[in-house]
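For reference, the structure discussed in these notes is given below.
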Amino acid sequence: MNKEELFLINRLKDLANIAYEKNIYTYSDFLNINELSILNQIKETLPPVTLSITGGNNYAERKIAVFSPEEIYYQETIPIAVLSIAPLNSKFAQPLTHRDFLGAILNLGIKRNKIGDIFVKENHAYIYCKEDISKYIIDNLFKIKRTTVSVQMSQNETLNVTPNFKEITGTISNIRLDSLIATAFQTARNSIINYIHEGKVFINGKLTTSNGAAVKAGDIISVRGKGRFVFEGVIKETKKGRNLIKINIYQ
């Protein structure tokens, strides 16, 4: 375990202890999928607090940890804000990608762990971020590349914005992790095994090192270095006894 991971563990334990001792809510910054896996590994060593994780969106991969005392009698609003960013004049705007939006925000001096998932819809982005830096972004982000943009606090109805998906179908003999990943990324099953054994594969945010791990419909599989997808389930069984499956890959 490296220094960054040890620092993370100590920080998470500190937040849990503060919640327990002071009887208050505490919150981490946004955690990536590897950091969430580390949290899952140490959660049994934390003091008796309630732990939940959220990214502000059911499809979010980056999430914050929320620690609260087990017998607390009030509920706080999760400190996640959603910003809507769009070109002021769409007619003259450049095509903007996820990388463009993220890069422009990081260029303001904001750390990556303050920003959650970014969903881009036709040059319009929804940015999930920690609430305490939302106003700073609104007040300071005016351009992305050479395109002038408008940044506004999003209304509640946009909280369920969904990512763009590419639908993939294929046939496999058994519903197992390595076969699903091979189908999703159009590669040989044997080439996927190293990704799994090297700790680069997560099911619903939990690390798995078993290439034969069972997967059920609705599970989100993330592969570091390749991407992530939702296993939508089996469509039907073919005449040859194979399973015709559907997968939605995050774009």
Any side-chain heavy-atom pair from Leu39 and Leu51 closer than 4.5 angstrom? yes
Compute the centroid of each ring, for Phe30 and then for Tyr128, and state whether the two points are separated by less than 6.0 Å. no
Quick note, salt bridge (Lys or Arg N to Asp or Glu O under 4.0 Å) partners involving residues 166-183, not counting sequence neighbours, are Glu167-Lys246, Arg176-Asp178, Asp178-Arg189
Does any part of the side chain of Ile64, heavy atoms only, come nearer than 4.5 Å to the side chain of Ile53, both counted from C-beta? no
Specify the closest pair of heavy atoms between Glu61 and Ser222, including all atoms of both residues, with the distance to one decimal. OE2-OG, 2.8 Å
Identify whether the distance between the nearest side-chain nitrogen and carboxylate oxygen of Arg228 and Asp117 falls below 4.0 Å. yes
Which other residues end up in the same hydrophobic cluster as Ile235, if Ile, Leu, Val, Met, Phe, Trp and Tyr are linked when side-chain heavy atoms come under 4.5 Å apart? Leu244
What about His124 and Tyr126, are their ring centers closer than 6.0 Å? yes
Looking only at the side chains, is there a donor atom on one of Lys13 and Asn10 sitting less than 3.5 Å from an acceptor on the other? no
Examine Ile80 and Leu141 and state if one hydrophobic cluster contains both, with Ile, Leu, Val, Met, Phe, Trp and Tyr joined whenever side-chain heavy atoms are less than 4.5 Å apart. no
Find out if a path of hydrophobic residues (ILVMFWY) with successive side-chain heavy-atom gaps under 4.5 Å connects Met153 to Val82. no
For Arg112, does the CZ atom sit with more than 12 other heavy atoms under 6.0 Å from it, leaving out its own atoms? yes
Minimum side-chain heavy-atom gap Ile221-Phe202 below 4.5 Å: no
For Lys216, does its backbone N or O pair with a side-chain atom of Asp219 as donor and acceptor, under 3.5 Å? yes
State, yes or no, whether a side-chain contact exists between Lys114 and Asp132 at a heavy-atom distance under 4.5 Å. yes
What pair of heavy atoms forms the shortest contact from Ile168 to Ala184, and how long is it? CG1-O, 4.4 Å
Counting N and O atoms only, with roles assigned by atom type, does the side chain of Asn57 sit under 3.5 Å from a partner on the main chain of Val161, one being a donor and the other an acceptor? yes
Nearest 0.5 Å please: distance from the CG atom of Leu8 over to the CG atom of Asn113. 10.0 Å
Going through the checks in order, is the side chain to side chain contact (heavy atoms under 4.5 Å, CB included) test met by Val66 and Ile78? CA-CA 8 Å; Val66 180; Ile78 306 299; 3.9 Å; yes
Which pair of heavy atoms, one from Ala81 and one from Ser134, lies closest together, and at what distance? CB-CB, 3.8 Å
Going by heavy atoms in the side chains, are Thr169 and Ile247 under 4.5 Å from each other? no
Here the gap from Lys143 atom NZ to Lys145 atom NZ, rounded to the nearest 0.5 Å, amounts to 13.0 Å
May I ask you to check whether Ser37 and Asn34 show a side-chain donor-acceptor distance below 3.5 Å? no
Is the backbone N or O of Ile220 less than 3.5 Å from a side-chain atom of Asn204, with the two atoms forming a donor-acceptor pair by type? yes
If you group Ile, Leu, Val, Met, Phe, Trp and Tyr by side-chain heavy-atom gaps below 4.5 Å, do Val120 and Tyr250 land in one group? no
Apply the test side chain to side chain contact (heavy atoms under 4.5 Å, CB included) to residues Thr187 and Ile181: give CA-CA distance (whole Å), side-chain angles for both, the deciding distance (0.1 Å), then the verdict. CA-CA 8 Å; Thr187 188; Ile181 296 173; 5.8 Å; no
What heavy-atom pair brings Val201 and Ile196 nearest, and what distance separates the two atoms? CG2-CG1, 3.7 Å
For Arg62 and Gly116, which heavy atoms make the closest approach, and how far apart are they? CD-O, 3.9 Å
With the side chain counted from C-beta on, respond yes when Lys63 and Thr54 share a heavy-atom pair under 4.5 Å apart, and no when they do not. no
Aromatic ring proximity Phe165/Tyr59, centre distance under 6.0 Å: yes
Please check if the side chain of Glu198 supplies one atom and the backbone of Tyr195 the other of a donor-acceptor pair under 3.5 Å. no
Measuring from Ile192:CD1 to Asn211:CG, what's the distance to the nearest 0.5 Å? 10.5 Å
So, does Asn89 use its side chain to make a donor-acceptor pair with the main chain of Lys91 at under 3.5 Å? yes
Starting at CD of Glu21, measure out to OG1 of Thr26 and round the result to the nearest 0.5 Å. 11.0 Å
Return yes if some donor-acceptor pair links the side-chain N/O of Tyr25 with the main-chain N/O of Tyr74 below 3.5 Å, else return no. yes
May I ask you to check whether over 12 heavy atoms, not counting those of Lys135, lie within 6.0 Å of atom NZ? no
Does the Gln94 side chain pair with the main chain of Arg146, one donor and one acceptor, at a distance under 3.5 Å? yes
Distance col, row Ser28:OG vs Asp14:CG, nearest 0.5 angstrom, shows 12.5 Å
Between Glu76 and Tyr27, a side-chain donor and acceptor under 3.5 Å: yes
Report, as yes or no, whether the 6.0 Å neighbourhood of atom CD on Glu71 holds more than 12 heavy atoms from other residues, nucleotides or ligands. no
Using ring pair (Phe, Tyr, Trp, His ring centres under 6.0 Å) as the criterion, list what pairs up with Phe229, not counting sequence neighbours. Phe185
To the nearest 0.5 Å, atom CG of Leu102 lies from atom CD1 of Ile127 at 8.0 Å
Same apolar cluster: Leu108 and Leu106, side chain cutoff 4.5 Å: yes
Worked check of side chain to side chain contact (heavy atoms under 4.5 Å, CB included) between Leu46 and Phe67: CA-CA 10 Å; Leu46 300 176; Phe67 302 95; 3.8 Å; yes
Measure the shortest side-chain to side-chain distance between Ile203 and Val215 over non-hydrogen atoms and say whether it is less than 4.5 angstrom. yes
Any side-chain heavy-atom pair of Phe101 and Leu96 under 4.5 Å: yes
For residues Phe119 and Ile137: do they belong to one hydrophobic cluster (side chain heavy atoms under 4.5 Å, members Ile, Leu, Val, Met, Phe, Trp, Tyr)? no
Test your reading of the model: is there a side-chain donor-acceptor pair from Asn164 to the backbone of Gln251, 3.5 Å cut-off? no
CA sep, side-chain torsions, deciding dist, call: Leu180, Leu177, side chain to side chain contact (heavy atoms under 4.5 Å, CB included): CA-CA 5 Å; Leu180 290 174; Leu177 184 60; 5.5 Å; no
What closest approach, in Å, do Ala104 and Ile144 show between heavy atoms, and which atom pair accounts for it? CB-CG1, 3.8 Å
Please confirm whether the backbone N or O of Ser179 pairs with a side-chain atom of Thr183, one donor and one acceptor, at under 3.5 Å? yes
